[in-house]
*Asks:* 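First the structure, which I've put down as structure tokens, then a few questions once you've had a look.
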Amino acid sequence: MSNVEKTDRIVVSIRKMCADDLPVISELERQIFPDPWSESAFSEALSEEEWGALVAESDGTIIGYACYLIVGDEAHLTNIAVAEPFRRKSVAKQLLDHILRVVTEAECEYLLLEVRPSNTRAIAFYQKHGFHLLYRRPRYYHHPIEDAQVMVLYL
Ligand SMILES: CC(C)(COP(=O)(O)OP(=O)(O)OC[C@H]1O[C@@H](n2cnc3c(N)ncnc32)[C@H](O)[C@@H]1OP(=O)(O)O)[C@@H](O)C(=O)NCCC(=O)NCCS
């Protein structure tokens, strides 16, 4: 876990991700994840009706993003990330709050996600927001191979 200290919350503006954002998002994704989504994966998320994709901006700069999927009464948080210098300032919280409003309005019953068990700071973030461990999915991740911890928040 990185030793990012908790600091003052920064208020970000949250808006829908658009095609022009993809180079910046892809660069952040490559910096943040060992197994990054490709630009085309984000592009697909923008074009599919059941997908949602958001960015968090501060002073006109994208510092975080999140993607989610709604299928029937099930919502899936597929991706959430904040640029390292802006962590522990409630940026992810503001993205999650926005998604929770959307999926609640869509009458979803629960929000699911997968997370690497080694990603303790993300697990701390999810637990803080009421997610519980549902089960472990063996060898779900590649690069490096790792189980997934499937977590759920009942809405
Ligand atoms: C997980 C992540 C999205 C959290 O973003 P964030 O903007 O820093 O989170 P917030 O500031 O909204 O929430 C912080 C809360 O999360 C938890 N948390 C986040 N980072 C933590 C850390 N380094 N140590 C301890 N707790 C941490 C705490 O509960 C914290 O609350 P606190 O600050 O009041 O103690 C961010 O660390 C990140 O981008 N990580 C890399 C990408 C990633 O792993 N995404 C999840 C993939 S499943």
Side-chain angles (χ1 to χ4, degrees), residues 1-17 21-39 41-42 44-46 51-71 74-104 108 110-155:
M1 189 186 297
S2 80
N3 292 321
V4 183
E5 296 287 326
K6 179 176 175 166
T7 54
D8 287 347
R9 168 191 162 99
I10 50 170
V11 177
V12 289
S13 56
I14 309 272
R15 62 164 174 81
K16 285 187 179 175
M17 193 184 290
D21 301 324
L22 293 186
V24 173
I25 299 291
S26 300
E27 181 53 33
L28 281 172
E29 177 82 4
R30 279 192 295 273
Q31 288 168 12
I32 293 172
F33 291 101
D35 50 353
W37 278 20
S38 64
E39 190 165 326
F42 282 104
E44 218 175 300
L46 294 187
W51 281 85
L54 303 171
V55 298
E57 280 182 325
S58 173
D59 293 331
T61 301
I62 295 174
I63 59 169
Y65 55 94
C67 299
Y68 59 94
L69 176 65
I70 298 178
V71 182
E74 178 178 322
H76 205 117
L77 179 62
T78 58
N79 209 341
I80 186 162
V82 174
E84 181 105 43
F86 299 95
R87 290 189 188 157
R88 295 200 80 177
K89 298 173 190 293
S90 298
V91 175
K93 178 191 185 315
Q94 292 169 76
L95 284 162
L96 180 62
D97 284 347
H98 189 106
I99 290 170
L100 287 174
R101 279 196 296 277
V102 173
V103 299
T104 303
C108 292
Y110 47 93
L111 179 58
L112 285 167
L113 60 85
E114 284 101 18
V115 59
R116 288 181 184 267
S118 60
N119 194 349
T120 50
R121 68 185 162 210
I123 291 170
F125 170 76
Y126 295 136
Q127 284 175 334
K128 181 175 184 180
H129 294 286
F131 285 85
H132 299 284
L133 171 64
L134 204 52
Y135 57 89
R136 247 168 118 121
R137 193 170 280 161
R139 298 170 69 85
Y140 176 81
Y141 291 106
H142 302 269
H143 314 297
I145 291 176
E146 192 174 349
D147 293 353
Q149 187 162 313
V150 179
M151 299 185 79
V152 66
L153 175 68
Y154 294 102
L155 301 166

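Just so you know, ligand 1 is whichever comes first in the structure, and atom 1 is the first atom listed for that ligand.
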*Asks:* Just going by heavy-atom distances, which of Lys93, His129, Glu84, Glu114 is nearest to atom 12 (O) of ligand 1?
*Replies:* Lys93
*Asks:* Which ligand 1 atoms are under 4.0 Å away from a heavy-atom of Lys89?
*Replies:*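 Every atom of ligand 1 under 4.0 Å from some heavy atom of Lys89: 11 (O).
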*Asks:* Check this for me: does any side-chain nitrogen of one of Lys93 and Asp97 sit under 4.0 Å from a carboxylate oxygen of the other?
*Replies:*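 Yes, charged N to carboxylate O under 4.0 Å.
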*Asks:* Which is closest to atom 2 (C) of ligand 1 by heavy-atom distance: Ala56, Ala92, Ala83, Gly64?
*Replies:* Ala92
*Asks:* With a cut-off of 4.0 Å, which atoms of ligand 1 are near a heavy atom of Phe33?
*Replies:* 42 (C), 43 (C), 45 (N), 47 (C)
*Asks:* Taking distance alone, with N or O pairs closer than 3.5 Å, would you say Tyr126 contacts ligand 1?
*Replies:*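 No, Tyr126 has no N/O under 3.5 Å of an N/O on ligand 1.
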*Asks:* Val115 to ligand 1: N or O pair under 3.5 Å?
*Replies:* no
*Asks:* Given 3.5 Å as the limit, does a donor-acceptor pair link the side chain of Thr78 with the main chain of Cys67, or not?
*Replies:*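 Flag set: sc Thr78 to bb Cys67 pair under 3.5 Å.
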*Asks:* I'd like to check which ligand 1 atoms, numbered from 1 as shown, lie under 4.0 Å from a non-hydrogen atom of Lys128.
*Replies:* 29 (O), 31 (O), 32 (P), 34 (O)
*Asks:* Would you please say whether a donor-acceptor pair under 3.5 Å links the side chains of Tyr141 and Glu114?
*Replies:* no
*Asks:* Which atoms of ligand 1 are found less than 4.0 Å from any heavy atom of Ile32?
*Replies:*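 Taking each heavy atom of Ile32 in turn, ligand 1 has 41 (C), 42 (C) under 4.0 Å.
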*Asks:* Val82 versus ligand 1: do any nitrogen or oxygen atoms come within less than 3.5 Å of each other?
*Replies:* yes
*Asks:* Measure the spacing between CZ of Arg137 and CG of Asp147 and express it to the nearest 0.5 Å.
*Replies:* 11.0 Å
*Asks:* Would you name the heavy atoms of Pro34 and His143 that are closest together and state the gap between them?
*Replies:* CB-O, 3.5 Å
*Asks:* Is the ring pair Trp37/Phe42 parallel, tilted or perpendicular, if the boundaries are 30 and 60 degrees?
*Replies:* tilted
*Asks:* Would you call Tyr126 and Leu96 a side-chain contact if the rule is heavy atoms closer than 4.5 Å?
*Replies:*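 No, too far: nothing below the 4.5 Å cut-off.
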*Asks:* Within a distance under 4.0 Å of any heavy atom of Ala81, pick out the atoms of ligand 1 and give their elements.
*Replies:*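 The atoms of ligand 1 under 4.0 Å from a heavy atom of Ala81 are 39 (O).
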*Asks:* Is Asp35 close to Arg116 at the side-chain level, that is, under 4.5 Å between some pair of heavy atoms?
*Replies:*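 Yes - at least one pair of side-chain heavy atoms lies under 4.5 Å apart.
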*Asks:* Would you mind listing which atoms of ligand 1 come within a distance below 4.0 Å of any non-hydrogen atom of Ala122?
*Replies:* 1 (C), 46 (C)
